[in-house]
Structure formats: C-alpha cells, structure tokens
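All values derive from a computational prediction rather than experimental measurement. Numbering starts at 1 and runs along the sequence shown.
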Amino acid sequence: IRIWDIKSGECEAVLEDHLSSVNDLAWDGEQLLSVSSDATVKLWNPSTSSGNSSSNEWRVVTTLEGHTDEVTECVKFQGRMLITSSIDTS
C-alpha cells in the first residue's frame, strides 16, 4: 500500500505487512482498512501523537483472521463495525 501526496506526486509512505496482494481498501478519515489474498484484514493508524493522517509513519493496529481464503472486498466501516467478503463464500 502506498500513500501519495497528490499535489507533489511523492510517495509519503509504504505500508507493508500483508503476505500477499492487497485487494481492497477503506478509509474513514482516521484509520485505513486493508484486505488481502493472504486471508487477513488489517487496520492501520497513522502513528503520531497528534493523530495527523498525513504522517508518513503508519502501524498495524489489528490483524483480523477468520476467513479461510482470499479476502476480496471491504465496506466502509464506522466505529466498531466493518464488513468483508471472501472467496471462501463468507
């Protein structure tokens, strides 16, 4: 996953933690959700004390495991809720 500055065209951050391709992303203005062919869902936060989402330092807050195959999509989440789908038929 790459975070880009649209104006400058510079890559601000590279987020690497999935073991396979990333299939979908959702952003709620504070956190980033990524789903992958490695059957995981990851929740990312910018890792600054001010919570500035333009920071180039990001960290995985949570890795969710439960799908048995590639996670294909995620729906915008709010608060404690997120929705994912997988080719494992769930």
Side-chain angles (χ1 to χ4, degrees):
I1 302 168
R2 291 184 179 261
I3 308 293
W4 297 90
D5 181 311
I6 295 172
K7 189 172 187 174
S8 71
E10 296 291 321
C11 179
E12 297 288 325
V14 178
L15 288 58
E16 297 176 309
D17 202 61
H18 284 291
L19 301 176
S20 192
S21 61
V22 174
N23 297 322
D24 200 12
L25 301 168
W27 171 252
D28 72 354
E30 294 180 17
Q31 296 178 312
L32 179 67
L33 174 71
S34 61
V35 299
S36 171
S37 294
D38 66 9
T40 65
V41 177
K42 294 189 183 280
L43 185 63
W44 304 78
N45 272 355
S47 58
T48 63
S49 58
S50 66
N52 181 357
S53 62
S54 65
S55 168
N56 61 1
E57 297 294 325
W58 290 74
R59 64 183 175 85
V60 174
V61 176
T62 303
T63 298
L64 303 173
E65 299 175 304
H67 285 291
T68 58
D69 209 334
E70 176 179 342
V71 185
T72 55
E73 295 180 71
C74 56
V75 174
K76 187 176 179 181
F77 58 99
Q78 296 178 352
R80 300 178 345 175
M81 179 69 70
L82 62 98
I83 302 167
T84 60
S85 63
S86 170
I87 62 172
D88 67 7
T89 70
S90 68

Find out if a path of hydrophobic residues (ILVMFWY) with successive side-chain heavy-atom gaps under 4.5 Å connects Leu25 to Ile87.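 Different clusters: Leu25 never reaches Ile87 through Ile, Leu, Val, Met, Phe, Trp or Tyr contacts under 4.5 Å.
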
Take Ser36 and Ser20 through the side chain to side chain donor-acceptor pair (under 3.5 Å) test and state the conclusion after the steps. CA-CA 6 Å; Ser36 171; Ser20 192; 4.9 Å; no

Check whether any side-chain heavy atom of [X] sits under 4.5 Å from a side-chain heavy atom of [Y], and report yes or no.
X     : Y     : result
Trp44 : Asp17 : yes
Val41 : Leu33 : yes
Thr40 : His18 : yes
Val22 : Leu15 : no
Val61 : Arg59 : yes
Leu82 : Leu64 : yes

Keeping Asn23 on the side-chain end and Val71 on the backbone end, is there a donor-acceptor pair under 3.5 Å? yes

Distance-minimising heavy-atom pair for [X] and [Y]:
X     : Y     : value
His67 : Ser90 : ND1-OG, 3.1 Å
Ser34 : Ile1  : CB-CD1, 3.6 Å
Trp4  : Arg2  : NE1-CB, 3.4 Å
Glu30 : Asn45 : O-OD1, 4.0 Å
Ser86 : Glu70 : OG-O, 2.7 Å

Separation between CD of Glu73 and CD1 of Ile83, rounded to the nearest 0.5 Å: 11.5 Å

dist Glu12:CD -> Asp5:CG (nearest 0.5 Å) comes out at 5.0 Å

Among residues at least two apart in sequence or on other chains, which ones pass salt bridge (charged side-chain N to carboxylate O under 4.0 Å, His left out) with Asp24? none

